[in-house]
Number of protein chains: 2
Amino acid sequence: MTSTIKDVAAHAGFSIATVSRAINAPHTVNPVTLAKVREAIQALKFHPSPLGRQLRGERTRLIGIVLPTLANPVFAECLQGIDELAAEQGFRLMLMTTQYDEQRERHAIETLRAQRVEGLILTVADADTHPLLDELDADGPLYVLMHNDTKRRPSVSVDNHRAASDGVRMLIAHGHRRILMLAGTLAASDRARQRHAGYTHAMQQAGLTPAPALEIDFNADELAPEVLAHLTDVQQSPTALFCSNDLLAMVVMRGLRGARMRVPQDVSILGFDGLSMGELLAPALASIGTPNREIGRAAWQKLMARIVGEYADAPLALTLPHTLREGGTIAAIANTPLARAGQAPHASRESDGALLP
Amino acid sequence: MTSTIKDVAAHAGFSIATVSRAINAPHTVNPVTLAKVREAIQALKFHPSPLGRQLRGERTRLIGIVLPTLANPVFAECLQGIDELAAEQGFRLMLMTTQYDEQRERHAIETLRAQRVEGLILTVADADTHPLLDELDADGPLYVLMHNDTKRRPSVSVDNHRAASDGVRMLIAHGHRRILMLAGTLAASDRARQRHAGYTHAMQQAGLTPAPALEIDFNADELAPEVLAHLTDVQQSPTALFCSNDLLAMVVMRGLRGARMRVPQDVSILGFDGLSMGELLAPALASIGTPNREIGRAAWQKLMARIVGEYADAPLALTLPHTLREGGTIAAIANTPLARAGQAPHASRESDGALLP
DNA sequence: ATGAAAGCGCTAACAC
DNA sequence: GTGTTAGCGCTTTCAT
């Protein structure tokens with residue numbers, strides 16, 4: 001292992017150039033020579049150092065991965081998909097996480113670029129307004145965005161707008177009128193915006209009044225009192241909550257349970273991500289699913305195509321289909337006891353669904 | 001960015017050697033010169049190429065990570081912990097996953113070694129009988145194992161034996177006698193063995209008869225019929241299931257639900273891993289918790305200490321404390337209806353707890 | 001305090 | 001078909 005191409009050359013009795021050729025272009029070298037070189041390689045357990053190759057300006061076979069976090073299975077699954085193909089094709093992955101921090105995004109990209117990665121697969125907070133990506137377009141390595149929902153850049157994602165409105169329409173079809181959207185505090189992302197836009201769209205289309213997303217602190221053990229108050233408000237309480245991601249939905253479910261609210265009898269819940277563990281909850285979490293492993297694989301393939309220079313005319317943004325998982329957390333409003341403790345049944349649910357200022 | 005140390009030297013009017021010193025040993029260079037060089041660096045947006053440094057035989061500031069999978073949050077969390085410290089300390093991470101396959105473990109280690117990583121953090125299937133690790137001990141890069149429960153090698157883990165027996169004792173304290181351990185089919189790992197040994201120990205200590213672990217196919221959508229038959233067998237059915245990991249526990253819970261078995265009324269469940277999402281299940285999953293983020297961080301620190309050469313006398317294996325989460329999936333046997341459908345109450349539960357051949 | 005030069009492991013002209 | 005040589009970007013003696 002510590003042996004170099006020089007050692008092999010000496011051992012085989014040829015020059016290092018011949019050894020190099022024997023490795024990289026076997027057909028250009030005399031079969032007899034080839035055999036001897038190969039024997040020497042065997043004997044010395046020689047493996048070409050990627051470092052030498054990389055420095056020489058060759059292909060580094062290195063791909064940089066930039067993700068917000070691995071704590072969210074969405075990204076871990078994407079990475080899994082990427083890794084499958086990378087391993088298959090002999091590429092190495094350099095991983096950096098950003099915690100949704102733009103500073104760290106910049107740092108990661110610079111580090112990776114300095115490392116001469118051949119390409120970058122990344123998920124950034126906001127793809128549209130990101131100066132870094134313009135820089136990459138200009139002279140950085142090739143990249144593909146993952147889960148960033150933008151038409152302007154090379155990306156693989158679901159149609160968040162459409163997915164969200166599909167989900168909300170489904171809630172409406174189940175008789176819900178007062179539907180509130182919940183989002184994480186860090187949710188200034190393009191996809192969060194798209195999801196809220198989709199929610200808004202579906203609401204308006206049904207003649208209902210959409211509300212701004214209610215922000216939830218992700219890390220808190222319990223729901224903030226004002227949030228809880230809002231959710232349980234006798235007059236205005238929503239009958240369904242659309243959570244901008246599944247982790248958030250789970251946190252909210254726990255919070256509600258702590259507040260003695262029953263899901264779905266008192267309130268229905270729809271998540272977003274389709275995390276498989278959501279199905280194991282009781283009741284199973286209804287959710288809009290994204291094919292994360294596939295998104296990772298597609299991002300890889302798109303990146304490779306760009307590197308090879310194929311499909312230069314392929315559409316920038318690839319949209320993969322989302323799915324709708326109708327789990328047990330959604331109750332038809334007809335089946336829902338309209339009255340909660342101390343609250344009389346009222347027809348106003350059917351009125352306009354206005355939620356809050 | 002595409003500028004090299006040469007460009008900087010030219011721009012500043014000094015030799016590349018001086019620029020190099022200005023970067024790596026600022027105190028050895030004239031303050032005025034230093035200022036000029038720094039200005040040039042700014043102007044050209046120069047970042048030293050890691051590649052050049054690495055090739056020169058210097059520190060690569062590269063650490064290899066080898067994990068079975070990222071689909072299991074246990075490893076994703078460990079990686080998260082590692083990444084935190086790596087980013088802080090300016091190291092880059094090269095990641096490879098193995099899917100518990102020894103071939104791929106070998107390949108990953110060789111790839112990483114060729115890449116001149118300064119160190120390796122890995123989780124292998126079986127640390128004790130692994131020739132690769134002996135090779136690493138001999139001349140590989142320094143490494144630290146994570147979650148591999150062995151005393152013979154540098155590692156960070158919980159005491160799986162003790163953790164398992166703690167858990168099983170807890171079940172026994174709740175009145176359970178027929179306790180069966182379930183393991184994944186891929187579970188020929190050292191930690192799975194330790195967990196089963198811990199189970200066996202606790203059972204015997206209580207005068208009960210332990211059974212071999214029942215293997216469950218992880219990926220199947222439903223529990224295999226023979227497994228289900230075994231779990232529901234009128235005469236011998238266990239009152240509690242100890243699952244060797246949480247993901248498995250969740251799959252089993254779903255399978256049981258499909259078979260109309262109630263948890264914990266009909267059967268109690270204890271998992272292993274302490275996945276935070278387990279708390280969100282209903283009922284919340286009882287589990288033995290491992291501090292994954294901390295394990296990742298500790299592995300990092302141990303590796304760094306080894307690289308620097310400190311603590312050469314530190315104990316090889318670091319054991320972190322596990323926790324016991326007593327969730328809703330465990331019922332005291334006294335409260336359990338002893339009779340299930342078509343089965344009369346019987347005192348034999350109190351007898352010897354024998355489970356199966 | 002600074003520069004010249006060697007060399008890390010490899011590939012790619014360019015000779016022969 | 002094979003060898004010679006230059007150089008990728010950097011650090012590090014060894015001189016000056």
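Only this structure's heavy atoms are used, side chains among them; waters, hydrogens and symmetry mates stay out. Per chain, numbering begins at 1; letters A, B, ... match sequence-line order. It should be emphasised that the depicted structure is a prediction, and the values quoted were computed from it without experimental measurement.
In this entry the distance linking CD of B:Q115 with P of C:dC8 reads 19 Å, nearest Å. Between B:L51 atom CG and C:dC8 atom C1' the separation is 12 Å, expressed in whole Å. Straight-line distance from the NZ atom of A:K6 to the P atom of D:dG3: 16 Å, rounded to whole Å. If you measure from atom CZ of A:R61 to atom C1' of C:dC10, you get 16 Å, rounded to the nearest angstrom. At whole-Å resolution of the value, CD1 in A:I16 and P in D:dG7 are 15 Å apart. Separating the CD1 atom of A:I5 from the P atom of C:dG7 is a distance of 18 Å, rounded to the nearest angstrom. Rounded to whole Å, the distance from NE2 on A:H47 to C1' on C:dC10 is 16 Å.
Among B:N160, B:V74, B:D190, the single residue meeting the side chain to side chain contact (heavy atoms under 4.5 Å, CB included) criterion with B:H147 is B:V74. In summary, of the residues considered (A:V66, A:T69, A:L70), a side chain to side chain contact (heavy atoms under 4.5 Å, CB included) with A:T97 occurs for A:L70 alone.
Using a 4.0 Å heavy-atom distance criterion, A:S20 is classed as a base contact. Heavy atoms of B:L55 sit under 4.0 angstrom from at least one base atom.
With DNA chain C read from its 5' end, the first of the two nearest nucleotides for B:T18 and A:N24 is the one closest to B:T18. The 5' end of DNA chain D is approached more closely, in terms of each residue's nearest nucleotide, by A:H27 than by the other of A:A17 and A:H27. Nearer the 5' end of DNA chain D, as judged by each residue's closest nucleotide, is the contact made by A:V29, out of A:V29 and B:I23.
In this structure, of C:dA1, D:dG1, D:dC10, it is D:dC10 that holds the atom nearest to the side chain of B:P48. Among C:dT11, D:dC10, C:dT2, the nucleotide with an atom closest to any side-chain atom of B:F46 is D:dC10. Looking at the side chain of B:R56, the nearest of the listed nucleotides D:dT2, D:dC8, C:dA6 is C:dA6. Out of D:dT2, C:dA4, C:dA12, the shortest distance to the side chain of A:F14 is found at D:dT2.
Proximity of B:S49 to the phosphate of D:dG9: no side-chain N or O atom is located under 4.0 Å from OP1 or OP2. Within the structure, every side-chain polar atom (N or O) of A:R53 is placed at least 4.0 Å from both OP1 and OP2 of C:dC10.
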- Message: Determine whether A:V158 and A:R191 satisfy the following criterion, side-chain contact (heavy atoms from CB on, under 4.5 Å), listing intermediate values before the conclusion.
- Response: CA-CA 9 Å; A:V158 297; A:R191 49 200 172 285; over 6 Å; no
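Rounding to the nearest 0.5 angstrom, the gap separating the SG atom in B:C78 from the CD1 atom in B:I65 is 10.0 Å.
Side chain A:R21 to base D:dG3: a donor-acceptor pair is found below 3.5 Å.
The shortest non-hydrogen separation linking A:P68 to A:F75 is CG-CZ, 3.7 Å.
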